[in-house]
Every structure is written in C-alpha cells, then in structure tokens.
Amino acid sequence: MHAYRTHTCNQLSVEHNGQTVKIAGWIHRKRDHGGLLFLDLRDHYGLTQCVIDTDNPLFEQVERLRLENVIAVTGEVVLRTDETINKNLPTGTVEVKLKEFEILSSLVTDMLPLQVNSDEPYGEDVRLRHRFLDLRRDVLHRNIVLRCDVISSLRRRMIEQGFLEFQTPILTASSPEGARDYLVPSRVHPGKFYALPQAPQQFKQLLMVSGFDKYFQIAPCFRDEDARADRSPGEFYQLDMEMSFVTQDDVLVVIDSVMHGVFEEFSGFKGEKWDVSKPPFVRIPYEESMLKYGTDKPDLRNPLEIVDVTEVFKRDDVTFNAFKTFIGKGAVVRALRVPKVSDRPRSFFDKLNDWARGEGAPGLGYILFHKEITEHKEGQSFEEGIISTAKGPIAKFVPPAALGELIKLCHIETGDAVFFVCDMPAKAAPFVGLVRTKVAEELDIIEKNAFKFCWIVDFPMYEMDEKTGKRIFSHNPFSMPQGGLKALETMNPLEIKAFQYDIICNGVELSSGAIRNHLPEVMEKAFELAGYPKEVLEERFGGMYNAFKLGAPPHGGCAPGIDRIVMLLAHEKNIREVISFPMNQQAQDLLMDAPAPVDAVALREINIKLDLPKAQVKDAG
RNA sequence: GCGGGUGUAGCUCAGCUGGUUAGAGCGCAUGCCUGUCACGCAUGAGGCCACGGGUUCGAGUCCCGUCACUCGCGCCA
C-alpha cells in the first residue's frame with residue numbers, strides 16, 4: 001500500500017465497496033455522536049466521510065483530533081444505507097470505516113485564525129496573512145484552479161495557432177512615460193538601477209525584428225501604481241502576444257478566436273453557461289464609443305445609447321436658455337433615450353436628479369413622452385401628435401417641431417423618456433456615460449448571463465494634456481499612425497488616428513494593442529510631434545530604434561490581462577480573489593512580510609544611503 | 001496624496017437616546033449522545049471595545065487626532 005494514499009477524497013464510490021483503501025487529507029469537519037464519530041476528510045479533489053465507533057480502540061484518539069490536522073486514514077469502503085446517502089457529495093454513497101489512522105503533520109494546537117470549512121466573509125488582512133488557510137477554502141481554491149485551467153487553455157490555443165512561447169528579462173531598463181517603475185539597484189554598477197518591466201513591450205518587438213514571427217508569453221508585468229478592486233498592486237499577468245507581417249485585422253481575428261474560445265470553455269464555471277459574443281467581435285471606433293456610450297470601455301450588456309442633440313437645442317424655436325447659452329460657449333447636448341419609463345413615479349426622476357447633483361452636475365433634464373398622444377392619426381402632423389404628451393421640467397421650452405426632430409434623432413417611441421446632459425464635449429460624454437450606467441442599473445435592464453465583447457478601434461494618436469496644454473501620445477509611443485508619415489506631416493496631429501485597439505468585455509478593459517510603428521523615420525516624426533527630439537528617442541528607446549534601422553518587419557499585437565479574464569469568468573468583483581498570493585492595497589505582502597527593511601551591510605553593498613521622511617525612519621530599521 | 005466606510009472574543013457580527021455585570025454564532029475546553037453530513041444537548045474559558053487625547057458624574061457609544069483595513073479619486077504610455 002502507498003505510504004500516503006491509494007485514492008483521493010473525491011474518488012470512492014459504490015464500485016470500491018469492500019476494498020481496503022487509504023486516503024489522506026485535512027480534517028474538514030467532525031461530527032461526534034459519543035459512541036459514533038463521523039469525520040470528513042478533505043483534499044484538493046473533494047471530501048470523503050470516514051466513520052468510527054467505540055468498537056475500535058482508536059476511537060478516543062480520533063475523537064481528540066482537531067480540525068485541519070493532516071492525517072491518513074486506512075479503512076474499508078462500505079456502502080451507505082439508502083437513508084444515509086448524501087446526495088450533495090460526489091462520494092456520498094459510500095464511507096470509509098476507519099481501521100487505522102496516521103498523523104502526517106505536526107498537530108494543530110493554535111486557534112485557527114479563520115475557519116476553512118466556512119464560507120463566511122473574512123477580513124482581507126486576516127485572509128492575506130494566512131493565505132494558505134484561505135486558499136484551502138472552497139471558493140478561492142476553485143478560483144485558483146480556474147486560473148490554472150484558463151492559463152493552460154490560453155497557452156494551448158496560442159500554440160495551436162503557431163505562436164512560440166518566450167521568456168524575456170525581468171531585470172531590464174526603465175522605460176520612460178507610462179507608470180512608475182520598480183527599481184532594482186545594481187551592485188556591480190554603483191548608482192545604476194535595473195527596472196522591472198511594466199510589460200515586455202520592447203522585447204517582444206525585438207523578437208519580431210529577430211524574425212520569430214509569432215510570439216506569446218504569460219508575462220508578469222510590474223507597475224508601481226496604486227491598487228483598485230480590478231487592479232492588483234505591483235504585479236499582474238498578461239497574455240502578451242505579437243505577430244509579424246500583419247494588419248490590424250489579422251491581430252483582431254487571432255484574439256477574437258482565443259478569447260471566444262476561452263470564454264466559451266469556462267463560461268459555465270459558476271454554474272449556468274453564459275452567452276459569449278460570437279466572433280468577429282464588434283468593432284467600434286473610439287469617437288463613436290465616446291458618443292454612443294460615453295466611455296472607451298462600453299458595457300454592451302447595457303442596451304441604452306446616447307445621441308448628440310446639440311442641433312435641436314440650437315434651434316431658434318427652442319427657448320431653453322440654460323443650454324443655449326452654454327452651447328454658445330462650445331458645449332454640446334447629449335441625450336439618453338430610456339424606453340418605457342414615462343409612467344414611472346415622479347420620485348424615480350427626482351432620485352436620478354439628486355444622484356446627478358451628487359455627481360457634481362447641475363441636474364438632469366428630461367422629457368417624458370406619454371402614451372396616448374404619440375398614437376397620432378393619419379392627417380395629424382407628427383408634431384401635433386406629440387405636443388401635449390411631452391412632459392417634464394424642460395418640455396415646455398421645446399416646441400412641437402423641435403420635439404419631432406428629437407424623436408427622429410433618438411428614435412423615440414411612446415412611453416419613453418429622454419435625459420439630457422449639456423457640457424463641454426470632454427465632460428458631457430463621460431457624464432452621460434455615467435447616467436447611462438446608472439439608469440440601466442436602476443431599471444435592471446443590463447443583460448444577465450452574458451459576456452459581451454467589443455473592440456474599440458481608431459484611437460487618436462495624440463491628445464492635449466489638460467494640465468500642461470502640451471500634446472502627448474494618447475496611448476503609447478509605439479503605435480503606427482494611420483496614414484503613416486504622410487499623415488504626420490500633413491494632418492492636424494490631434495486628428496490623426498492610430499492603429500491602436502482595446503478589447504472590452506462587459507465594460508472591463510482586457511487589453512490594449514496596436515500595430516507598431518516599425519519605421520525609424522516615422523518614429524522620429526511621431527516623437528517630434530509629441531515634443532521629443534530625436535536624441536530622446538535614441539536615448540530612451542535606443543535598443544529598439546536602432547534595431548529598426550537594420551530590417552524590421554511590420555508587426556503588431558496585444559496583451560489581454562489574465563487576472564481580469566479569470567476575474568470575469570469567476571464572477572468576482574475583486575481581482576485578489578483570483579490571485580494566489582496578492583499584495584494588499586498598500587502593496588504589502590502580509591504573509592511574507594514584504595517590503596521589509598534590509599540591514600546596513602546589504603545597503604552598503606549596493607551603495608545606497610537612506611534619506612527617509614521623519615515619520616518613517618523607525619520602520620526602516 | 002485626497003475623500004467615503006469599517007475597526008467590539010481566535011473568526012463573523014449585535015450592542016438603542018451615553019447609564020453601572022459587554023452579547024450571539026462558529027471555533028476552543030469539559031461532559032452527554034451509535035447514522036450524522038453546518039449533527040444535537042449542557043457547562044465553561046476566552047475582551048486594553050484599534051491606539052492617544054477630550055467632553056461628561058459616567059464613554060464601546062459623543063468630539064478631535066493617529067494607525068490599520070477596505071472602496072473610490074488622483075495615478076495606471
């Protein structure tokens with residue numbers, strides 16, 4: 001017999017009846033009836049009930065065992081009687097009649113800081129400090145298994161499509177722009193630092209220049225930025241990929257197929273299978289997304305759409321001066337049509353209005369289109385049909401003809417309401433986007449049980465930095481401008497689009513990607529337009545820039561975030577629920593106690609002297 | 001860096017308008033219980049009410065500050 005086990009705790013069934021088996025695991029739960037004791041033994045695979053009674057001289061010893069002790073149990077598999085079968089347990093038709101047992105770990109004597117056999121929500125610091133216990137618990141344990149399965153599926157799908165898996169350096173050079181780097185001091189080169197890669201961006205491009213054609217990596221990325229619920233502090237993983245001799249469309253098709261495949265494969269992880277968008281995923285130009293959804297990461301489960309109705313409020317016969325004056329200063333009016341809500345009580349609209357004020361808006365104007373009146377008759381003008389039915393705070397400022405135009409623009413039907421937001425374009429779009437989300441949540445009309453994908457394409461190459469008034473790269477400096485050198489030389493830079501795309505699922509940004517700028521002369525011009533002289537390009541991106549002068553293929557790729565993919569599939573709101581050993585929000589590892597002070601000798605060796613703000617001196621040892 | 005929330009037993013939480021002895025469930029300990037599966041029953045141990053200051057005759061409760069955790073903003077090419 002094997003030293004530890006002949007079967008796992010999820011394996012035994014009626015077919016093992018009568019066999020002597022050995023199983024090993026943690027004591028999940030004990031039910032002590034005095035003369036009879038049940039013990040649920042748990043391993044990675046499942047639970048098996050063991051039973052012992054007072055006929056066995058070991059009874060008292062078993063009775064004394066505590067939860068979470070690790071033991072091996074040897075005994076006979078016996079069938080349960082019909083009344084005692086547990087249908088909730090895969091092994092519930094049998095039990096192991098304990099003959100012998102062996103303690104395999106040092107005995108648990110301390111109080112457990114959290115109970116493994118419970119699904120109570122524990123405080124996150126306790127969970128992180130004792131992550132190994134937390135990871136034993138069912139939900140988290142299964143999430144991590146899902147993560148393993150997703151990664152192996154991604155890997156298989158990439159390899160099947162001819163991609164090669166690479167490793168790239170972890171100790172590398174600091175990259176300008178972007179997030180803050182994690183820096184690692186060099187012992188050999190006093191005063192110099194490595195940086196941990198924010199992404200293997202330049203390496204994967206260099207691999208393309210090296211002629212490898214199709215690259216992928218389950219790539220760790222390090223960014224020293226503050227955490228969010230959907231953003232792990234410090235480090236995260238991407239399915240990083242890049243391919244040569246491709247157009248944007250080629251990249252999108254590959255990712256469509258990988259994402260669709262993985263989501264189809266695992267969409268039933270939480271029970272019922274969810275619908276997954278069929279490829280090709282819909283492609284929405286950035287400008288259209290900002291207009292229709294008020295964001296560059298739209299949740300397409302939300303059926304509501306936004307329309308620009310500035311023209312309507314500009315009309316001479318519209319007398320709503322609050323908007324008119326503002327429009328004169330460059331503001332726009334965005335309308336959100338909400339079907340079938342005109343009969344909602346006044347409180348519904350008041351509540352939304354209060355919410356909007358809470359968000360810093362002056363209020364939320366709306367017009368209601370009541371039922372009886374839009375059912376206009378032949379011969380009656382459209383406008384006549386509408387006039388007495390439009391209600392709401394600003395309806396009286398909008399005469400029938402203008403209402404007719406509004407109805408056409410927004411495809412308004414009887415019983416609808418329309419909300420209005422008037423502001424400068426850069427503010428109106430995101431705010432009406434918030435309204436869109438808020439209203440859909442209130443009405444509970446966000447589609448359930450669906451993973452809805454889309455691509456946002458045609459991002460602008462440059463944008464104005466609001467604070468400095470300077471022109472900057474709006475996504476990253478590596479993207480190819482649409483129209484190439486000619487566009488850079490002739491167009492208004494702010495109107496140039498890039499071959500830059502994001503993939504979105506249910507409002508979550510999974511990845512950015514681009515067709516890269518692999519032409520040195522186009523790079524020079526692109527950087528010049530962002531205010532960087534050629535020297536900066538040479539200094540900061542020298543490795544790649546020089547490589548491009550020695551024969552670079554056109555190439556592009558993207559890098560879907562693995563943690564977020566798993567988070568979506570596991571229906572988790574917090575990314576730490578799909579990471580084995582995450583840091584807390586302050587970027588501390590409470591289990592391993594990192595970051596930690598180092599002693600003076602170590603510091604001297606790397607030529608570092610600390611100069612700490614007063615309050616923190618004591619922490620640094 | 002800024003704003004919101006939380007902090008009471010090992011864990012999850014309750015604790016009213018400030019009122020004298022601080023409560024429950026789980027876990028732990030002891031005892032009873034031979035078919036449970038979140039077993040049941042009884043008894044018990046376990047508290048710097050995050051920390052520091054203040055108001056008050058009296059503070060777990062009110063006020064101020066600090067710290068920790070968490071959510072969001074800034075940040076995240």
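Residue numbers begin at 1 in each chain, while the letters A, B, ... track the order of the sequences. As the structure is a prediction and not an experimental result, all values here were calculated from the model.
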Task: With sequence neighbours excluded, residues passing salt bridge (Lys or Arg N to Asp or Glu O under 4.0 Å) with A:Arg136 - done: A:Glu68
Open item on the list: What residues from residues 583-593 of chain A pass a heavy-atom cutoff of under 4.0 Å to RNA chain B?
Closed with: A:Asn584, A:Gln585, A:Gln586, A:Gln588
Below 3.5 Å between N/O atoms, which protein atoms pair up with nucleotides 22-26 of chain B? Just atom names and distances, please.
from	atom 1	to	atom 2	distance (Å)
B:C26	O2'	A:Gln115	OE1	3.4
B:C26	O2'	A:Gln115	NE2	2.2
B:C26	O2	A:Gln115	OE1	3.0

- [ ] Please report the C-alpha distance between A:Phe459 and A:Tyr286 in whole Å, then the side-chain angles of each, then the deciding distance to 0.1 Å, and finally whether the ring pair (Phe, Tyr, Trp, His ring centres under 6.0 Å) criterion is met.
- [x] CA-CA 5 Å; A:Phe459 277 84; A:Tyr286 171 83; 5.0 Å; yes
Open item on the list: When you measure from the side-chain N and O atoms of A:Arg231 to the phosphate of B:C75, is any distance below 4.0 Å, counting only OP1 and OP2?
Closed with: no
TODO: Let me have a per-nucleotide readout for nucleotides 34-46 of chain B, 5' to 3', with B, S or -, counting only protein heavy atoms under 4.0 Å.
DONE: BBBBSB-------
Open item on the list: Nearest to the A:Leu67 side chain among B:C76, B:U70, B:G27, which nucleotide is it?
Closed with: B:G27
Task: Partner residues of A:Arg142 under the salt bridge (Lys or Arg N to Asp or Glu O under 4.0 Å) criterion, sequence neighbours left out - done: A:Asp138
Open item on the list: Go nucleotide by nucleotide along RNA chain B from the 5' end; which of A:Arg576 and A:Phe478 gets its closest nucleotide reached first?
Closed with: A:Arg576
Polar atoms only, N or O, under 3.5 Å: list the protein pairs with nucleotides 2-6 of chain B and their distances.
none

Open item on the list: Could you tell me how far apart A:Asp465 (CG) and B:G74 (C1') are, to the nearest whole angstrom?
Closed with: 13 Å
Task: Separation of B:A29 P from A:Glu63 CD (nearest whole Å) - done: 11 Å
Open item on the list: What is the separation between atom CG on A:Leu434 and atom P on B:C73, rounded to the nearest whole Å?
Closed with: 10 Å
Open item on the list: Looking at every non-hydrogen atom in both residues, tell me the closest pair between A:Gly513 and A:Asp502 and how far apart they are.
Closed with: N-OD1, 4.4 Å
- [ ] Could you note down all residue pairs passing side chain to side chain donor-acceptor pair (under 3.5 Å) where residues 69-80 of chain A supplies at least one of them, sequence neighbours left out?
- [x] none
Open item on the list: Could you check whether A:Thr168 and A:Gln217, counting side-chain N and O atoms only, form a donor-acceptor pair closer than 3.5 Å?
Closed with: yes
TODO: Provide, to the nearest angstrom, the distance between the CD atom belonging to A:Gln198 and the P atom belonging to B:C75.
DONE: 15 Å
- [ ] Name all stems that contain residues of RNA chain B, defined as runs of 3 or more consecutive Watson-Crick or G-U wobble pairs, both distances under 3.5 Å.
- [x] B:1-7 with B:67-73, B:10-13 with B:23-26, B:28-32 with B:40-44, B:50-54 with B:62-66
TODO: Indicate whether any N or O donor in one side chain lies under 3.5 Å from an N or O acceptor in the other, for A:Gln49 and A:Arg31.
DONE: yes
- [ ] Determine the interplanar angle of the A:Tyr501 and A:Trp455 rings, folded into 0 to 90°, and report it as parallel if under 30°, tilted if 30 to 60°, perpendicular if over 60°.
- [x] perpendicular
Task: For A:Leu537, all residues meeting side chain to side chain contact (heavy atoms under 4.5 Å, CB included), sequence neighbours excluded - done: A:Met523, A:Glu524, A:Phe527, A:Phe541, A:Tyr545
Open item on the list: Parallel, tilted or perpendicular, judged at 30° and 60°: which one describes the rings of A:Phe38 and A:His33?
Closed with: perpendicular
TODO: Would you mind listing every ring-ring contact (aromatic ring centres under 6.0 Å, His included) that reaches into residues 44-76 of chain A, with sequence neighbours excluded?
DONE: A:His44-A:His141
Task: Whole-Å C1' distance, B:C71 and B:U56 - done: 35 Å
Open item on the list: Holding to side-chain hydrogen bond (donor to acceptor under 3.5 Å, both in side chains), I want the full list of residues that pass it with A:Gln115, two or more places apart in sequence or in another chain.
Closed with: none
Open item on the list: I'd like to know if A:Asp226 reaches the base of B:G74 with its side chain, counting only an N/O donor and acceptor under 3.5 Å.
Closed with: yes
Task: Euclidean distance, atom CD of residue A:Glu225 to atom P of B:C76 [Å, nearest integer] - done: 6 Å
- [ ] Can you sort out the partners of A:Arg576 under side chain to side chain contact (heavy atoms under 4.5 Å, CB included), two or more places apart, ordered by chain and number?
- [x] A:Glu124, A:Asn574, A:Pro582
Open item on the list: Can a side-chain donor-acceptor contact be found between A:Gln198 and A:Asp181 if the only test is distance below 3.5 angstrom?
Closed with: yes
- [ ] Name the nucleic acid region contacted by A:Asp82, choosing base, sugar-phosphate or nothing; use a 4.0 angstrom heavy-atom cut-off, strictly under.
- [x] nothing
- [ ] Rounded off to whole Å, could you give me the CZ-to-C1' distance for the A:Arg66 and B:A29 pair?
- [x] 10 Å
TODO: Indicate, with a heavy-atom threshold strictly under 4.0 Å, whether A:Leu112 touches base, sugar-phosphate, or nothing.
DONE: sugar-phosphate
- [ ] In plain terms, say whether A:Asp134 and A:Arg127 are close enough for a salt bridge, that is, a side-chain N and a carboxylate O under 4.0 Å apart.
- [x] yes
